[in-house]
Amino acid sequence: MPELPEVETIRQNLRRGGANSPAILGWTIESAHVLWARTLAVPDVDEFEKRLPGQQVIEIDRRGKFLVFELSQDALLIHLRMSGDLMVEEGSEPRSTHCRMAIEFTNGQRLVFIDARKFGRVWLTAERDLILSGLGPEPLDETFRSQDLYHRLHAHRRRLKPLLLDQAFLAGLGNIYADEALHLARLHPLMLSNQVSAVQAERLWWAIRTVIEEGIRRNGASIDWVYRGGDFQNYFRVYQRTGQPCRECGEVIQRIVVGQRSAHFCPNCQQL
DNA sequence: CACGAGACCTGTTCGC
DNA sequence: TGCGAACAGGTCTCGT
């Protein structure tokens with residue numbers, strides 16, 4: 001479910017506190033409980049539950065779609081994949097049905113990892129860079145320039161949509177924001193990356209950053225039964241708007257399947 | 001190297 | 001109403 005803007009929203013809520021959840025910076029872990037073993041990428045459940053108690057939450061960062069909790073000894077990395085979510089609740093509350101992992105703090109609060117589809121993964125490691133090293137550039141980083149994007153596009157001969165979803169190419173985009181960015185940039189999802197001109201690359205660079213920034217400003221998108229409080233879904237240009245008129249030209253939005261994922265686009269604004 | 005298919009999972013919605 | 005199919009914000013691995 002979560003792409004960069006949703007993950008960033010969660011990070012900010014955990015770091016600074018949100019509407020009805022406190023900031024967890026500085027809290028000390030009392031115990032950890034893994035309820036679905038495969039949630040843990042590394043280490044095994046025994047070591048995970050043994051190593052966490054006593055560690056303090058120093059900082060919360062984000063890299064692509066990974067949440068990175070800097071603890072006193074280790075780094076705790078969490079990837080929400082399709083249906084994962086994190087929330088802070090009273091330690092006395094009954095455990096929710098889809099709770100896969102819970103971290104109890106010495107102040108009686110707990111951080112829970114809720115994940116209906118069980119795709120989410122958690123790493124506890126002292127070597128966080130090993131796990132994050134394969135990721136492409138951070139789209140909002142000031143060192144990421146449009147010329148970088150142009151060169152990266154020309155280093156491949158791939159269709160734009162699957163390429164934008166490739167986290168080694170660029171970190172953080174998912175199905176929503178890739179479709180939105182391509183529409184804003186007026187580029188067809190099937191266009192080949194090495195056919196993109198410098199001007200088009202500049203437009204795509206700007207579009208990617210624009211949709212991500214807007215997503216963050218709106219606290220992410222809330223869709224279906226997964227709700228996180230954001231309202232970016234009310235401003236989608238193409239995503240899940242199949243059959244509805246393009247907000248730019250009125251043409252009917254189309255849905256095609258590319259790389260096993262749905263791609264939404266305007267046949268008029270985004271021509272091959 | 002690029003791409004498609006299948007796997008991993010559960011829940012909701014759609015079509016007959 | 002019921003029931004199976006299709007679909008869902010992600011990523012990995014394998015075969016061509």
Side-chain angles (χ1 to χ4, degrees), chain A residues 1-11 35-42 62-67 77-86 96-101 113-123 131-136 139 152-182 189-196 208 211-212 214-216 218-243 255-264:
Chain A
M1 114 207 253
E3 305 179 30
L4 192 158
E6 289 74 32
V7 176
E8 178 63 19
T9 300
I10 292 173
R11 181 184 86 90
L35 292 94
W36 178 254
R38 300 194 60 179
T39 293
L40 221 43
V42 78
R62 179 192 54 73
R63 179 74 173 90
K65 301 175 193 171
F66 285 82
L67 277 163
L77 309 195
I78 301 185
H79 196 302
L80 274 28
R81 294 279 174 91
M82 289 288 267
S83 59
D85 199 1
L86 286 171
S96 104
T97 318
H98 304 303
C99 181
R100 309 305 179 195
M101 199 251 318
F113 178 49
I114 310 294
D115 185 22
R117 292 180 71 180
K118 300 178 175 173
F119 287 161
R121 288 294 176 271
V122 174
W123 296 254
I131 293 147
L132 303 175
S133 63
L135 292 174
R152 295 180 78 86
L153 288 167
H154 281 254
H156 300 274
R157 187 175 187 276
R158 292 176 60 184
R159 298 169 305 181
L160 289 180
K161 177 66 191 291
L163 186 55
L164 290 181
L165 292 179
D166 184 342
Q167 302 299 296
F169 179 77
L170 186 64
L173 286 183
N175 215 28
I176 293 178
Y177 294 89
D179 279 0
E180 295 297 302
L182 286 172
L190 295 179
M191 183 177 187
L192 291 177
S193 59
N194 62 344
Q195 315 267 97
V196 174
I208 288 168
V211 297
I212 287 179
E214 185 181 357
I216 293 173
R218 301 196 181 281
N219 297 314
S222 310
I223 298 187
D224 299 335
W225 41 287
V226 187
Y227 181 68
R228 137 180 356 280
D231 67 343
F232 186 57
Q233 70 280 5
N234 299 325
Y235 304 89
F236 288 163
R237 309 168 67 86
V238 287
Y239 186 77
Q240 287 193 346
R241 293 194 65 245
T242 312
R255 173 188 181 274
I256 56 176
V257 174
V258 187
Q260 329 255 87
R261 313 293 303 278
S262 57
H264 311 77

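Just so we're on the same page: letters track the sequence lines, and every chain starts at 1. What's counted below: heavy atoms across the whole structure, side chains too, no hydrogens, waters or symmetry copies.
- Just one residue in the list A:V7, A:I78, A:I131 forms a side chain to side chain contact (heavy atoms under 4.5 Å, CB included) with A:F66, and that residue is A:I131.
- Between A:R158 and B:dC1, a side-chain N or O to OP1/OP2 separation shorter than 4.0 Å is absent.
- DNA chain B is contacted by both A:R159 and A:T97; A:R159 maps to the nucleotide lying nearer its 5′ end (nearest heavy atom per residue).
- Side chain A:E3 to base C:dG10: no donor-acceptor pair is found below 3.5 Å.
- Between A:R38 atom CZ and C:dT11 atom P there is a gap of 17 Å when expressed in whole angstrom units.
- Partner of A:Y177 under the side chain to side chain donor-acceptor pair (under 3.5 Å) criterion, chosen from A:E214, A:E3, A:E6: A:E6.
- Computed from coordinates, the A:L173 CG to C:dG10 P distance equals 10 Å when rounded to whole Å.
- Of the side-chain N and O atoms in A:H156, one or more sit less than 4.0 angstrom from OP1 or OP2 of B:dA2.
- Pairing for B:dC9 is absent, with no Watson-Crick or G-U wobble pair whose two atom distances lie under 3.5 Å.
- A sub-4.0 Å separation between OP1 or OP2 of C:dG10 and a side-chain N or O of A:K65 is present.
- At the heavy-atom level, A:Y239 lies under 4.0 Å from the strands shown only through sugar-phosphate atoms.
- Taking CG of A:L35 as the reference point, atom OG1 of A:T97 lies at 11.5 Å (rounded to 0.5 Å).
- The pair A:K161-A:D179 meets the salt-bridge criterion, since a charged nitrogen lies less than 4.0 angstrom from a carboxylate oxygen.
- Here C:dG9 sits opposite no nucleotide as a Watson-Crick or G-U wobble pair (both hydrogen-bonding atom distances under 3.5 Å).
- In terms of phosphate contacts, A:R261 brings a side-chain nitrogen or oxygen within less than 4.0 Å of OP1 or OP2 of C:dG9.
- Of the candidates B:dG6, B:dC8, C:dG9, the closest approach to any side-chain atom of A:F119 belongs to B:dC8.
- Straight-line distance from the CZ atom of A:R100 to the P atom of B:dG11: 8 Å, rounded to whole Å.
- For the pair A:N194 CG and B:dC1 C1', the computed distance is 12 Å after rounding to whole Å.
- Within the 4.0 Å cut-off from OP1 or OP2 of C:dG9, not a single side-chain nitrogen or oxygen of A:S83 is found.
- The interatomic distance linking A:D115 (CG) with B:dC8 (P) rounds to 16 Å, in whole Å.
- Nucleotides C:dT1 and B:dG11 are separated by 23 Å at their P atoms, to the nearest Å.
- C:dG9 and B:dC14: their P atoms are spaced 15 Å apart (whole Å).
- Rounded to a whole angstrom, the distance from the P atom of C:dC7 to that of B:dA5 is 14 Å.
- Across C:dC3 and B:dC8, the matching C1' atoms stand 24 Å from one another, rounded to whole Å.
- Contact annotation: A:Q260 does not reach the phosphate of B:dG4 (side-chain N/O to OP1 or OP2, under 4.0 Å).
- Of the possible polar contacts, one joining the A:R100 side chain to the A:A116 backbone as a donor-acceptor pair under 3.5 Å is found.
- Nearest nucleotide to the side chain of A:H98, out of B:dG11, C:dG9, C:dT11: B:dG11.
- Across C:dT11, B:dC9, B:dA2, the shortest atom-to-atom separation from the side chain of A:R81 is found for C:dT11.
- Atom CG of A:L67 and atom P of C:dG9 are 20 Å apart (whole Å).
- Taking atom NZ of A:K118 as the reference point, atom P of B:dC9 lies 7 Å away to the nearest angstrom.
- A:Q167 places no side-chain N or O within 3.5 Å of a backbone atom of A:G136 that could act as its donor or acceptor partner.
- When rounded to the nearest whole Å, the span between NZ of A:K161 and C1' of B:dA2 equals 17 Å.
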